[in-house]
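None of these values were measured; they are calculated from a predicted model. The basis for the numbers below is simple: all heavy atoms, side chains too, and nothing from hydrogens, waters or symmetry mates.
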Number of protein chains: 2
Amino acid sequence: MPVKETRSFREVCRENGIAVTHQRQVLYEVMKSMDGHPSPEEVYARVKKKVPAISLATVYKNIHLFIESGVFQKVSMHHGSVRVEMNGEPHHHMVCSKCRKITDIGEKELGLVAKRSRLPGGFLVERYAVDAIGVCASCQKSSC
Amino acid sequence: MPVKETRSFREVCRENGIAVTHQRQVLYEVMKSMDGHPSPEEVYARVKKKVPAISLATVYKNIHLFIESGVFQKVSMHHGSVRVEMNGEPHHHMVCSKCRKITDIGEKELGLVAKRSRLPGGFLVERYAVDAIGVCASCQKSSC
DNA sequence: AGCATAAACGATAAAAGTTATCGTTTGAGA
DNA sequence: TCTCAAACGATAACTTTTATCGTTTATGCT
Ligand SMILES: [Mn+2]
Ligand SMILES: [Mn+2]
Ligand SMILES: [Zn+2]
Ligand SMILES: [Zn+2]
């Protein structure tokens, strides 16, 4: 069973043209075993137990690599510096995955339906925030 | 017309029990005039043209104050450090506004949105990311 | 298996974003 | 006008992320 896991990781690397290093492999397996939505520091703390000499920079570099390769994803497009919303009207956002531009869009234009105020686990909903993630018109034209 | 604006800002301050300082007032008016979703640094650059001696710390402190008072909002709950998603199944998130915990929820349990792949302005949608923002069961019990 | 080379690694400095500290200034109520 | 808590500016400190660079390692080719 570790054999199968190893083979599948090797295939992932082969597909994406990246080398199979010891650090990379342990990182991949540790991350796969983690629940929730850890930060790079949390991943670093975990993987350090198995590879004590690993560098935080290596963790960051490989998390980026995994995300670029589609092996894992980012929880949100909105990490980094805080952004302020001055538009008091309830609305949602279109987020361009190329240029990261955030554009307002009303609920009606979005075609949004069905709003539950209670969700499984007893979660009480105050509001919904929807991101339509894709490519803006300007980035579709320019082939960058 | 500047008189009316001033009065409304004074009322906002009165309602929230905060002092009407010169910096605060200019900051409020500059921010209200800004489109999009600026970062604190962008706000700072703008307000500095009108109050050159203002400190970046003052900008940060007042942005927080405005957000806490509900005058303005944050674009997203997900600023700060990047979080990695290892759950490959398509899903959305419940985000607790008290403890900030992020919990997975499937599309079916959520009640979901309509799926338009084209949005106004020629935006091409790749996927939707929905945050149900509210209070988790644990934070409902504890009255903190 | 041995070799060459590009990629990856670890250590750490630097950059970016944010918060804390502290002495000085100012707004609000008496 | 006077008093004092609140707010301000300057800047140090902290957090998160990226860049740099010398060393090590994986890979493809004999
Ligand atoms: Mn908006
Ligand atoms: Mn998730
Ligand atoms: Zn774009
Ligand atoms: Zn909570």
Side-chain angles (χ1 to χ4, degrees), chain A residues 6-7 9-28 30 37-69 71-72 74-84 100, chain B residues 6-7 9-28 30 37-69 71-72 74-84 100:
Chain A
T6 299
R7 164 112 35 85
F9 178 67
R10 298 193 88 89
E11 282 165 11
V12 167
C13 289
R14 182 64 60 99
E15 284 162 20
N16 292 284
I18 57 181
V20 181
T21 66
H22 179 230
Q23 290 90 338
R24 196 118 79 198
Q25 191 161 340
V26 174
L27 199 40
Y28 171 79
V30 165
H37 308 92
S39 65
E41 285 282 354
E42 287 166 338
V43 173
Y44 177 57
R46 282 270 200 127
V47 80
K48 238 189 160 189
K49 290 173 187 168
K50 302 206 171 183
V51 185
I54 200 168
S55 164
L56 179 59
T58 299
V59 173
Y60 269 97
K61 282 181 276 196
N62 280 298
I63 286 178
H64 288 151
L65 190 69
F66 288 151
I67 291 172
E68 284 158 26
S69 306
V71 176
F72 298 130
K74 281 182 295 188
V75 169
S76 165
M77 305 292 288
H78 301 286
H79 64 98
S81 70
V82 66
R83 297 308 179 99
V84 194
R100 301 204 143 251
Chain B
T6 299
R7 165 113 35 86
F9 179 67
R10 298 194 89 88
E11 282 165 11
V12 167
C13 288
R14 183 62 61 98
E15 286 162 18
N16 292 287
I18 58 180
V20 181
T21 66
H22 179 230
Q23 291 89 338
R24 197 116 80 197
Q25 191 161 338
V26 173
L27 199 39
Y28 173 79
V30 165
H37 309 92
S39 66
E41 285 283 353
E42 287 167 338
V43 173
Y44 178 56
R46 281 269 200 126
V47 79
K48 238 189 159 189
K49 290 174 187 168
K50 302 206 171 183
V51 186
I54 200 169
S55 164
L56 178 60
T58 298
V59 172
Y60 268 98
K61 282 182 275 196
N62 280 297
I63 286 177
H64 287 151
L65 190 69
F66 288 150
I67 290 172
E68 283 160 25
S69 306
V71 177
F72 297 130
K74 281 181 294 188
V75 170
S76 165
M77 306 290 290
H78 301 286
H79 64 98
S81 68
V82 67
R83 298 307 179 99
V84 194
R100 301 203 144 253

Atom [atom1] of [X] to atom [atom2] of [N]: distance rounded to whole Å?
X       : N      : atom1 : atom2 : value
A/Ile63 : C/dA8  : CD1   : P     : 16 Å
A/Leu27 : C/dA8  : CG    : C1'   : 13 Å
A/Gln25 : D/dT25 : CD    : P     : 16 Å
A/Leu65 : D/dT17 : CG    : P     : 17 Å
A/Ile54 : C/dT12 : CD1   : P     : 16 Å
A/Ile18 : D/dG28 : CD1   : C1'   : 18 Å
A/Leu56 : D/dT16 : CG    : C1'   : 9 Å
A/Lys61 : C/dA6  : NZ    : C1'   : 14 Å

Touch class at under 4.0 angstrom, heavy-atom based, for B/His79 against every strand present: nothing

Sugar-phosphate, base or nothing in reach of B/Ala57, heavy atoms under 4.0 Å: base

Distance test, side-chain N/O of [X] to OP1/OP2 of [N], below 4.0 Å:
X       : N      : result
B/Tyr60 : C/dT19 : no
B/Arg14 : C/dA28 : no
A/Ser55 : C/dC9  : no
B/His22 : C/dT25 : no
B/Thr21 : C/dG27 : no
B/Arg24 : D/dC8  : yes

Between [X] (side chain) and [Y] (backbone), is there a donor-acceptor pair under 3.5 Å?
X       : Y       : answer
B/Glu42 : B/Ser39 : yes
B/Arg10 : B/Val20 : no
A/Arg24 : A/Asn62 : no

Geometric class of the A/Phe66/A/Phe9 ring pair [parallel <30°, tilted 30-60°, perpendicular >60°]: perpendicular

DNA chain D: 5'-proximal contact among B/Gly17 and A/His64 (nearest heavy atom): B/Gly17

5' priority, DNA chain C, between B/Gln23 and B/Pro40 [closest heavy atom]: B/Pro40

Distance, nearest 0.5 Å, that separates NE2 of A/His78 from CZ of A/Arg100: 9.0 Å

